[in-house]
Amino acid sequence: MASAPVIDLVSDSKAETRPESSKAATGVPQPRSYPGHTPPSFFVQQTKQAMLFQFGAKKVSAEEAHQQTKRVTEMLGTDYGAWLIREARRKKARREREKETNRLRQQRFCTKHQAEKAMETPASLTMTREVVLTDSSGSVAISSSIVDNLAALSQPGENWKQGQNGKKKRVVQEKHQRINWFNPFLWAIIDRIAPCVAFSPQLLVLHLNLKWPMFFKRLHKGTVSKWMVKLPVRGWSEKTLWKVEAGASLKRSGCVGVLTLYPAIVEEVKGQLQGLRDAGVTVDRLLARSIILAVVTTCESHLLAQFKCTEQYVGHFLESVMGWSVRQGTHAAAKLPDDAVEQCKRTLFRLVHLINLYNIPPGLIINMDQTRVIILMSKKCTFKTKGARQVSIAHQDEKRAYTLCVASTPTGNILPFQQVWAGKTAGSLPTVANSNKTTSHFSTLKTMKEWMKEILQPWVEEYIRSHDLPGNQKLILFIDCYPVHISEEFRTYVFKEFPNVFLIFVPANCTGIMQPADVGLNRVIKHSIRQAALDYLVKSHKEQLDKGLTTTQIKFTTSLPALRNASVDPSVKLFENLQGANGRDLIRRTLEKCMVKEFNLIEECLTSRKTKVAYWEYLEKDPTLRSEIKAKIGREALRNATLQAEDQDMDPYGIPDATDIPISRVVADLDHDSPQPGHVEFQSGLGDQYCVTAKHIDRELDGTLVPTSEQESIWAYTMDGKTVSNVLS
C-alpha cells in the first residue's frame, strides 16, 4: 500500500503535494493555491484539537462523574477517601496561592497609589501633618486618639482597617458608606414585610422605599435576591439567617440607644440592678423597666416625652450593659381535640336548648373563670450574667400570687371579683380579706362555695328583683372543666343548694375558642394589673431617689403585706371601670370572638331565629344531644356524668402583652384592628403615661404587639448617640 505523502512544514519549496482528501483527513479547510504563492507554514499548525465526544464519549452528570471517579480509583487500588482528602488539600492550597497572589497585587497597587498621592500632596497639608504629629520641640508626640486616626491623617479621604498581620490595610472610600442591612433595627422591618409580599425582591424593595424611604432608598432588588432561596420554599437562605443571628447579639457591647448621651443615668441603673441581683431578688423586664423609668424621671424627665423605655428596650439594655440573659421554660399550648368544633357546637346548642326551654334571659347566662396573678411579677427565673452556674432567687415561693375569679354575662354585666389568697394568719392576707382559707392561692372547693354564696347568689337575687322575674327563675353557670368544677362534690353541692342553677361546661382544652374570659377578657384584666404594678414600682423607686438615697441605700419592697395590700386597689379600680360602657363593650368583643362555625355567644345570636332553626336541625342529626335532653340536661344528667378535666400543665394565656402597650390598643387588637360599629375606645382609668403612642405600634406575624419608634430601639442609634435615620439621610 502506498504511503501518504509527507508534508514538509519547514521547507521553503514552492511545490507541496496535498491530497484531495486532506480536508477530510485533517478536518481543517485548506487555503486555495495561486500561481507563485506559497501558503504560510503556520496555517496547518492551527488544527483544532479533537474532543472525546468525537470518539463516542457522552456527557455525564456530576453524580455520575463522582461514581465513575470512585470506580476508577478502586480499580487502580487507590483509597477513594484518601484521594478525596488529597483533592481537598490541593484545592485549598490553590486557594491560598491565589489569595497570596491577590494580596501581593493589592500591595503593589497601594505602593504605587501612595507614591502618586505623595507627589500630588500640597505643601500646606504636609505642614499640617507635621504640626499635628510633633510638638514644639520637634519630637514626636502622638496621642492615642491621633494614633487611631493616623491612617486618615496620612491618607485624607480614605478609610483604613486593621489587617491580619497587624498592618493597616487601605480601603478606598466609596461615594456612600456601606450599610449593614442585617442590623437588627433594619432587618426587623425587612423580615416583617418579606412574607407579606411572598418574598418577592422587587415588591419588597418597592414597599420598603415607599414606606421608609429614609432607611431603604439605597436598597436594591439585586441585593435582596442574594439573600433568598427559591427551592424548596422561597425564603431566606441559611447563610442569610446565620448573618442575621451573628449580627443580632449585643454581647456586652455597651449600646444604650437614646441614653448614650446620659452616662450618669446608665451607671445609676447598673448599680441598682446589680444590687437587686446580689440580694437574690428576681429581676425581670417589668422590675428593670420601673427602675430605669424612675431614674430617668428624676434625672432627665424631658426624655419621657418621646422615650417610654419599652420592655423590648429593657431586654436589649440588660444584655448590652449588664451582660444578662434570661432562661425560662415555657408551657406548651393546649392542643385542641380533633373534634373540637363538634364539641363546641354541641355545647352551644345546649345553651340554646336551656334558654328556650326555661325562658332564661341573657343576663342570667353567667360565665366564670379563674386567672392567676403573680404579685412579685416573677416566677422561678431571673436575668443573670450569661453562663452563670449558680443563680440565687429569694422569695420564689408560690404564696406571692393570688387567683382572680372573673364572671360576666352576654348583656355586658360584670360580677364582683374574688381574690383567692393563701395563708393561715391575718398577716398572710390583705387587710380587707374576710376568708379563713389556709391552703394555697389556687381556687378550691371551699373558695368556689364562697363564691357561689357571697357573690353569685346576691347578684342573681338583685337581678331578679330589678327585672321583676319570678323567684324560681332558672340561670346558667357557664364554666370550664377545671378539676374543682367537675368534681362530684361541687356538682352535688350545686344540685342541692342551688336548684335553679344549670351547669354547662366548656369542652376540655377548648377554652381558647369558647371561654369568653380566656378569649380576651383576662388578657385585658391582667394587662391592666401589670401596668398598675409598674406604676407602683416606679413611684416607690422615685420616692427613694427624691429623698437623696444612694444606689446602695435604695431597697426594693419585698414585704408580702405591702405587696398584697398594693394589689387590691388596682383590682377595685378596674372593676369600677368595667361596670361602665368600657366594660360592656369589652365583654361584647370577647363574646363575638367565641366563634363556633357562623355562631357566637353574643346576646342577639343566642336568641335569634336563625340559631333556633339551626338547633332543631342539629337535634335531628345528633343522638348525643337528644339523649342528654331526655335525661334532663344540666341537672341529674350532669350530677353523675364523667367529664374530662383541663390539662393543668398548659398555659392558656400565652405571652402577656408588654406594659408599654396602651390598654386601648390591646382591646382594639381583639378585633385585629377592625372594630365593629358601635365599639368605643377602651379607657382603663389608670393612665398611660408610660405607654407608646398607637401610631408607633405594629403587630408581628405571631400576633405580638411591638413598638416601632426609633427611641425604643437600641439598634437605631450609633455609639456616638446619632440615630440611624440621620446617618443614612
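The side-chain heavy atoms of W212 and L186, taken from C-beta on, include no pair separated by under 4.5 Å. Taking 4.5 Å as the limit, some side-chain heavy atom of Q312 sits within range of a side-chain heavy atom of H316. Counting only heavy atoms from C-beta outward, the side chains of V572 and V568 approach each other to under 4.5 Å. In this structure the side chain of L318 never reaches within 4.5 angstrom of the side chain of Y313, judged on heavy atoms. With a 4.5 Å cut-off on side-chain heavy atoms, Q711 and L303 do not count as touching. By the 4.5 Å heavy-atom criterion applied to side chains, I291 and L273 are counted as neighbours. Residues P662 and R665 meet the side-chain proximity criterion, which asks for heavy atoms closer than 4.5 Å. Between Y482 and S443 the shortest side-chain heavy-atom distance falls below 4.5 Å.
Side-chain contact of S571 with Q419: a donor-acceptor pair under 3.5 Å is present, judged by distance alone. With no hydrogens or angles considered, a side-chain donor-acceptor pair links H527 and Q531 at under 3.5 Å. R289 and T659 are linked by a side-chain donor-acceptor pair at a separation below 3.5 angstrom, with hydrogens and angles left out of the test. Inspection of the T310 and D660 side chains reveals no N or O donor paired with an N or O acceptor under 3.5 Å.
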Applying side chain to side chain contact (heavy atoms under 4.5 Å, CB included), run through L404 and Q370 and close with a yes or a no.
CA-CA 6 Å; L404 188 68; Q370 295 101 341; over 6 Å; no
Set out, in order, the CA-CA distance, both residues' side-chain angles and the distance that settles side chain to side chain contact (heavy atoms under 4.5 Å, CB included) for L415 and F575, then state yes or no.
CA-CA 9 Å; L415 276 67; F575 171 72; 6.0 Å; no
Worked check of side chain to side chain contact (heavy atoms under 4.5 Å, CB included) between T403 and T371
CA-CA 6 Å; T403 296; T371 182; over 6 Å; no
Would T447 and Q418 satisfy side chain to side chain contact (heavy atoms under 4.5 Å, CB included), going step by step from the backbone distance to the final call?
CA-CA 9 Å; T447 60; Q418 180 196 43; 4.2 Å; yes
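Nearest heavy-atom pair across G520 and L670 is CA-CD2, 3.8 Å. For V667 against R589, the heavy-atom pair with the smallest separation is O-NH1, 3.4 Å. For the residue pair V283 and L287, the shortest heavy atom distance occurs at CA-CD2, 4.2 Å. Considering all non-hydrogen atoms of both residues, L259 and V266 come closest at O-CG2, 3.9 Å. Minimum heavy-atom separation, V666 to L705: CA-CD1, 4.3 Å. Looking at every heavy atom in both residues, A401 comes nearest to W421 through O-CE3, 4.2 Å.
Note on K547 versus E543: no salt bridge recorded, every NZ/NE/NH1/NH2 to OD/OE distance being 4.0 Å or above.
Side-chain atoms of T590 come within 3.5 Å of backbone N or O of I587 as a donor-acceptor pair. A distance-only check finds a donor-acceptor pair linking the side chain of S320 to the backbone of C255 [under 3.5 Å]. Without hydrogens or angle criteria, T708 side chain to H696 main chain gives a donor-acceptor distance under 3.5 Å. Although no hydrogens or angles enter the test, the distance criterion places a donor-acceptor pair under 3.5 Å between the side chain of E712 and the main chain of C309. Between the side chain of K526 and the backbone N or O of R372, at least one donor-acceptor pair lies under 3.5 Å. S528 places no side-chain N or O within 3.5 Å of a backbone atom of I525 that could act as its donor or acceptor partner. Using a distance-only test at 3.5 Å, with no hydrogens or angles considered, no donor-acceptor pair links the side chain of Q689 to the main chain of D535.
A distance of 11.5 Å separates OG1 of T704 from CG of D698, quoted to the nearest 0.5 Å. Distance check: R584 CZ to N582 CG gives 9.0 Å after rounding to the nearest 0.5 Å. In this structure, CG on D546 lies 11.5 Å from NZ on K539, to the nearest 0.5 angstrom. The distance from the CZ atom of F307 to the OH atom of Y690 is 12.5 Å, given to the nearest 0.5 Å. Summarising the geometry, atom CD belonging to Q306 is positioned 8.0 Å from atom OG belonging to S709; distances are rounded to the nearest 0.5 Å. One distance of note links CG of N565 with CG of D569; it measures 10.5 Å at 0.5 Å rounding.
By the 30° and 60° cut-offs, the orientation of the rings of F216 relative to W181 is parallel.
Among residues two or more places apart in sequence or in another chain, the salt bridge (Lys or Arg N to Asp or Glu O under 4.0 Å) test is passed with K211 by none.
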Side-chain donor-acceptor distances from residues 292-299 under 3.5 Å, at least two apart:
residue	atom	partner	partner atom	Å
T297	OG1	L293	O	2.6
T298	OG1	A294	O	2.9

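Identified under the salt bridge (Lys or Arg N to Asp or Glu O under 4.0 Å) test for residues 305-316, with sequence neighbours left out: E311-R530.
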